[in-house]
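Presented below is the structure to which this report refers.
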Amino acid sequence: MFVSVRQSGDATILHADLDSFYASVEQLLDPSLRGKAIAVGGGGVVLAASYEAKRFGVAGAMPIRRAQRLCPHLMLVTGHFEEYPKLADRVMAIAADFTPAVERISIDEAFLDVSGAMHLFGPPGVIGAELRRRVREEVGLPISVGAARSKHLAKVASQVAKPDGLIVVEPEAERTFLDPLPVSLMWGVGPAVQKYLASLGVHTIGELARTPSRSVESLLGHAVGARLNALAVNSDPRTVGPLPRAVSVGSQSALGRTLPSPELVREVLTHLADRVASRLRAKHRAGRTVTVRVRLTEFRSVNRSLTLPEPIATTLTLREVAEQLVWRGIHDQSEQAGEPVEITLLAISVSNLVHVDAIQTELPLDPDDPRRPGSLTGSVRWAVDRSMDRVRSRFGRDAVGYLPARTFAGGIPDAYRELAEHD
DNA sequence: TCTGGGGTCCTAGGACCC
DNA sequence: TCTGGGGTCCTAGGACCC
């Protein structure tokens, strides 16, 4: 009789990660940018920087002004955002040539389980090298690969391998590999956790492994503590498979600093609700929980959410619920501050998602009390939205829309963007 | 010279039910 | 009458990831 025992002793999990993806694509498309310090900008921040720019300290999510101070000869380029998914898809197709067990976790990175592919292609190190060679030759992009026994460790290895490298962590070498690395390389360790660990004198993964997990858990909570411990003792997940379906759909828009007027809030929310609701309908989904976020100055923010009795996916209903929630948040904050507050961003997100059939109509809601089913507006609105979706699929997104919706350029209303720039 | 847009997950308190 | 414990849902805030 055969007993199937999962081979967990080998470094058969690969993490493949395209290097500075957006920036590398720009250098691929425009050869004059190769070897230069470039950054792809968007909304005032750096979305991706080439390694030539990273050497000067330029990093993702950094305000462009600051990046330019660090690297005065930085070349700022506008992204070719239509090209990114196409090129990334070609890379993922190459990965799928090696194994069907590919778990794509973002546009530019994926896990591969190659345990079933070794009899065809050789050991993980050979597969990783061949994957890198093919991506470089067939697509023209640099990609780094890490291989190890677990997903987390493979991801750490690919980060260490960057730029344009390959690292295989054999099981017997795991501790030697991990111990000297900074804790910030671990998945889930951001600035806050890093700061807390530093206060305990913990800077490396080795030091973390020797720290009693109780003391870490008591301040960071069970989940973070357990996650850190899992890597320290090498017991984190090994299963590579498809990602679960999305649990929320949202959209946000930065506004610059502004005192919220009813007109502004309505216009922005109409635009956001339209984006969110049409994406929900395109996915044949609807959601019961509406969450709004109002960002204030100094990056503080307020969230307000409401769970409805039935899922919604119509633009106007979503906007009405969001509008009430946004004003609740703003009023709460103003009351607390004792004066009107300025806001810098509005966001809408819908969660608690369910699948809906294309023909199913939304439960009508009473606009005065969204928790209570009321008039016939719901089904009428659903029908209007479906027609709008059809018109847009034929004539384009701008062919038809709700008013009053603020016109956006690059995600930021022009007037407010100019205002922000003068600051 | 304050910072985009899309997400996931966790925690904690309160309400409510059994 | 008083009391305890467990589970689930909702809401708000926060950390983190790409």
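To find a chain, count down the sequence lines: A is the first, B the second, and so on, and within it residues start at 1.
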| said: Measuring from atom CE of Met186(A) to atom CG of Leu153(A), what distance do you get when rounded to the nearest 0.5 angstrom? | reply: 10.0 Å
Whole-Å distance separating the [atom1] atom of [X] from the [atom2] atom of [N]:
| X | N | atom1 | atom2 | answer |
| --- | --- | --- | --- | --- |
| Leu325(A) | dG13(C) | CG | P | 12 Å |
| Ile64(A) | dC2(B) | CD1 | P | 13 Å |
| Lys195(A) | dC16(C) | NZ | C1' | 16 Å |
| Gln194(A) | dC17(C) | CD | C1' | 15 Å |
| Glu217(A) | dA12(B) | CD | P | 12 Å |
| Asn303(A) | dG13(C) | CG | P | 6 Å |
| Phe299(A) | dA15(C) | CZ | P | 13 Å |
| Leu280(A) | dG6(B) | CG | P | 13 Å |

| said: If you compare all heavy atoms of Cys71(A) against all heavy atoms of Ala37(A), which two are closest, and at what distance to 0.1 Å? | reply: SG-CB, 3.9 Å
| Which heavy-atom pair separates Ala273(A) from Thr315(A) by the least distance, and what is that distance? | CB-O, 3.6 Å
Looking for any heavy atom pair under 4.0 Å, which part of the strands does [X] touch: base, sugar-phosphate only, or nothing?
| X | value |
| --- | --- |
| Arg295(A) | sugar-phosphate |
| Ile105(A) | nothing |
| Ala347(A) | nothing |
| Arg66(A) | sugar-phosphate |
| Lys155(A) | sugar-phosphate |
| Arg288(A) | sugar-phosphate |
| Arg293(A) | nothing |
| Val247(A) | sugar-phosphate |

Starting the side chain at C-beta, find the nucleotide from [options] nearest to [X].
| X | options | result |
| --- | --- | --- |
| Ala246(A) | dT11(C), dT11(B), dT8(B) | dT8(B) |
| Val193(A) | dC10(B), dC16(C), dA12(C) | dC16(C) |
| Pro63(A) | dG4(B), dC16(C), dT3(B) | dT3(B) |
| Val45(A) | dC18(C), dC10(C), dG4(B) | dG4(B) |
| Leu306(A) | dT11(C), dC16(C), dC10(C) | dT11(C) |
| Arg65(A) | dT1(B), dG4(B), dC10(B) | dT1(B) |
| Leu345(A) | dG6(B), dC10(B), dG5(B) | dG5(B) |
| Ala254(A) | dA15(C), dC18(C), dG4(B) | dG4(B) |
| His222(A) | dA15(C), dT11(B), dG13(C) | dT11(B) |

| query | Has Arg66(A) got more than 12 heavy atoms of other residues, nucleotides or ligands less than 6.0 Å from its CZ? | reply | no
Within the structure, does a side-chain N or O atom of [X] lie under 4.0 Å from either OP1 or OP2 of [N]?
| X | N | answer |
| --- | --- | --- |
| Thr291(A) | dA12(C) | no |
| Thr289(A) | dC10(C) | no |
| Ser248(A) | dT8(B) | yes |
| Arg304(A) | dG13(C) | yes |
| Arg328(A) | dA12(C) | yes |

| request: Give a yes or no on whether the backbone of Asp19(A) and the side-chain of Ser24(A) come within a donor-acceptor separation of less than 3.5 Å. | output: yes
| N-glycosidic conformation, dC2(B) - syn within 90 degrees of 0, else anti | syn
| query | Could you walk me through whether Glu207(A) and Arg210(A) pass the salt bridge (Lys or Arg N to Asp or Glu O under 4.0 Å) check? | reply | CA-CA 5 Å; Glu207(A) 287 165 352; Arg210(A) 290 190 290 275; 5.3 Å; no
| task | With DNA chain B as reference, determine whether Gln68(A) or Ala61(A) sits nearer its 5' end, using the nearest nucleotide of each. | result | Gln68(A)
| request: Name all residues meeting the side chain to side chain donor-acceptor pair (under 3.5 Å) criterion together with Asp274(A); count only those two or more places apart in sequence or in a different chain, and write none if there are none. | output: Arg392(A)
| remark: With sequence neighbours left out, the residues meeting side chain to side chain donor-acceptor pair (under 3.5 Å) with Arg397(A) are Ser278(A)
| message | Arg266(A) and side chain to side chain contact (heavy atoms under 4.5 Å, CB included): which single residue from His271(A), Glu320(A), Glu323(A) fits? | response | Glu323(A)
| query | Which dot-bracket string fits DNA chain B when only Watson-Crick or G-U wobble pairs with both atom distances under 3.5 Å count, crossing pairs get [ ], and | stands for a partner on a different strand? | reply | ....||||||||||||||
| said: Looking at Tyr51(A), I'd like to know if the NZ or CZ of Arg55(A) sits under 6.0 Å from its six-membered ring centre while staying within 45 degrees of the ring's axis. | reply: no
| message | Using atom P in both nucleotides, what's the gap between dC18(C) and dT3(B) to the nearest angstrom? | response | 23 Å
